[in-house]
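Notes to accompany the following structure.
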Amino acid sequence: MRMMKAFLFACLGITTIAHADDIVERGRYLATAGDCASCHTARNGKPFAGGRVIATPFGPIPAPNLTPDAETGIGGWSADDFFHALHEGKGRDGTSLYPAFPFTSYTKVTRADCDAIFAWLKTLPAVRQPALPDTLRFPYRMRWLMGPWRTIFFDAGEYVADASRPASWNRGAYLVQGLGHCNECHARRNSFGAPVTEPFLAGGIIPVQNWYAPDLSMGVNGGLAGWSEADVVTLLKTGRSSRGTALGPMADVVMKSTRHLTDDDLAAIATYLKSLPDPEPRKPGESIAGAKDLVANGRGTYERQCAACHGDDGRGKGDAYPPLDRNPTVTDPTGINVIRAVLSGGFSPATEGNPRPYSMPPFSQRLDDDEVAGVVSYIRQAWSNKASAVSPGDVRAYRSVPGE
Amino acid sequence: MRSIRRWLAVMAILSCIGSATATDASVPDTLVQRIAACTSCHGEHGEGGDNGFNPRLAGKPAAYLARQMQDFQRGLRHYPLMEHQVMNLSEPYMREIAEYFAAQEVPYATHPAPSVTAEAKARGERLATQGDPARGIPACMACHGPQLTGVQPDIPGLVGLPYDYLSAQLGSWRTNTRHTVEPDCMATIVSRLTDADISAISAWLATRPVPADAHAAPAGSVTPPLRCGVLGG
């Protein structure tokens, strides 16, 4: 009998340990889905020890230490404290966090998922790294201003499943609206720094970083017009698809987050994006002075510098070089991404699905502002593309290389 | 036996079709094609650009080149355009790219010689070949090899590089925009140099003829006078 008891006890013990391991493992996965490392791990820094400074139009905000160090990290935090941070955007002392921390999205995360992430963070090696001082500009550094901001722009609330939709759609919506915090970049921010949510994921310029995060709807007028759900999954998994390549901040998201997600979760994300409403057709942008000459010159530059890879017909070459014709990134309202791609070139992210990516030369040292404006304007108006021309002044504005 | 062969042949054909659809057949499946972002500034064989700043990569030791890409990626070495290129590359891919450039054998280009006084040139030569023990400055040759062609596998050659590139690198150690793993012995050495020393060394190195055999010296052929993180600490 005693043997039996001991055996039962041992079994229970093992189950508890296995269960705890499961939670930690789930927490690790969820933290990856939330791309926490992108802000909380500094470049060349210790994992999750904070220290990366997030540039915002209101001043730089340093990301805090999430390792379980008692003094400088979250070692003294309880699971409730952690839930309050994600769900309500409040620090341990009850003061509001700034929305550079995307609690506007993380509020959708369930309590169980918050607890799993917290359990996983607690297993990380503790790193002693004190928080950097807040360097927000006046008046934004007055934290009490967050009170009225929250009243106007923030509704706390976990994700509520839509019973009329299948489970995979709900899973996709939960990931996109919550942990994925996609709308923090793929939306315009108003002058108070709050991301616009109506319409949702409708695209916008990422402040300070100056990349255009496109509209993510997949209808005929959408930012992902012409993409299939499989294309979306492939891009998130490998960093490129036959429709386009992840550039700039999205390449970073693929590297640190989406390539590690399960096929089921990626398919769920695609299912949800597919259901986003189709926006109104976009009005063509205003024509700029001298656009005709720019485009005519740009055609020559395209033939000399671009056509060998992207094709005279702008259709690209297989998986190596993305198409430029009917590519909504090319025709985005601003032209920023094409200008940056031409100036800085770069590799697609090196992922398990694309370990030796092809690349595009940077042209910043070879082409002047007029030439870049010409070739970008040509690309935006060639074949079936019908977007506005960009000016040499636009090019000059984005000549600084993207980065931190 | 024959059926197995036939089966293998069918599989081989099918796998060819598979790879042909994955990537357009007109795109060469070569490393050189893949790294157009590198070769457009550094040359197809890593011979270096002609603007005085894009350095030659051909023949530099592979571990050195891979380390530089890592350092750009980690923000230890700064040049925004390079940081952008390597930002999302994996270590195995960077290693493969480094090995490609390390294996290239192409003639050295000549660069316009800077105009410096004879006195400055003599000072540069003295520092490069003998150092200045009184100020704790070792000779460049003490680490970069008796011919200054580098030492396998981690130490780069200093021959055939343009003045602008050399002085920019020494300057960036001084202004804390170029780092590497600790202990960063080059940072220590450069902190002991004056501005005039940097110009003098860069000018002497840039005007020195490239030796007939410009290959890096074999591993272990120098005993560095300082502890260096890049050499294993």
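Computation of the quantities below employed the complete heavy-atom set of this structure, encompassing side-chain atoms and omitting hydrogens, waters and symmetry-equivalent molecules. Order of the sequence lines fixes the chain letters, A, B, ..., with proteins taken first and strands second; residue numbering starts at 1 for each chain.
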Okay, A/Tyr321 and chain B: the region with an atom under 4.5 Å from a heavy atom over there is side chain

Rounded distance [0.5 Å steps], CG in A/Asn44 versus NE2 in B/His179: 10.0 Å

Portion of A/Pro355 that has a non-hydrogen atom of chain B nearer than 4.5 angstrom: backbone

Under 4.5 Å between any side-chain heavy atoms of A/Ser359 and B/Gln85, yes or no? no

Identify which part of B/Tyr79 has an atom lying under 4.5 Å from any heavy atom of chain A, answering side chain, backbone, both or neither. side chain

Could you state the interatomic distance from CG (B/Leu89) to CE (A/Met255), rounded to the nearest 0.5 Å? 7.5 Å

Heavy-atom distance under 4.5 Å between the side chains of A/Gln365 and B/Ser40, does that happen here? no

Got a second to check how far B/Asn88's CG is from A/Asp252's CG, nearest 0.5 Å? 6.0 Å

Quick check: does any side chain N or O of B/Tyr93 sit under 3.5 Å from a backbone N or O of A/Pro357, one acting as donor and the other as acceptor? yes

Using a cut-off of 6.0 Å, state whether more than 12 heavy atoms not belonging to B/His215 lie near its atom NE2. no

Only heavy atoms, only distances under 4.5 angstrom. Which residues in residues 62-75 of chain B are near chain A? B/Phe72, B/Gln73, B/Arg74, B/Gly75

Which bit of A/Met360 is near chain B, if near means a heavy-atom gap under 4.5 Å: side chain, backbone, both or neither? backbone

For B/Asp29 and A/Tyr358, work out which heavy atoms get closest and say how close. CA-OH, 3.6 Å

Quick check for you: to the nearest 0.5 Å, what is the distance between A/Ser344 atom OG and B/Leu81 atom CG? 6.0 Å

How many angstroms lie between CZ in A/Phe347 and CE in B/Met87, if you round to the nearest 0.5 Å? 13.5 Å

Side chain B/His84, main chain A/Pro362, donor-acceptor under 3.5 Å: no

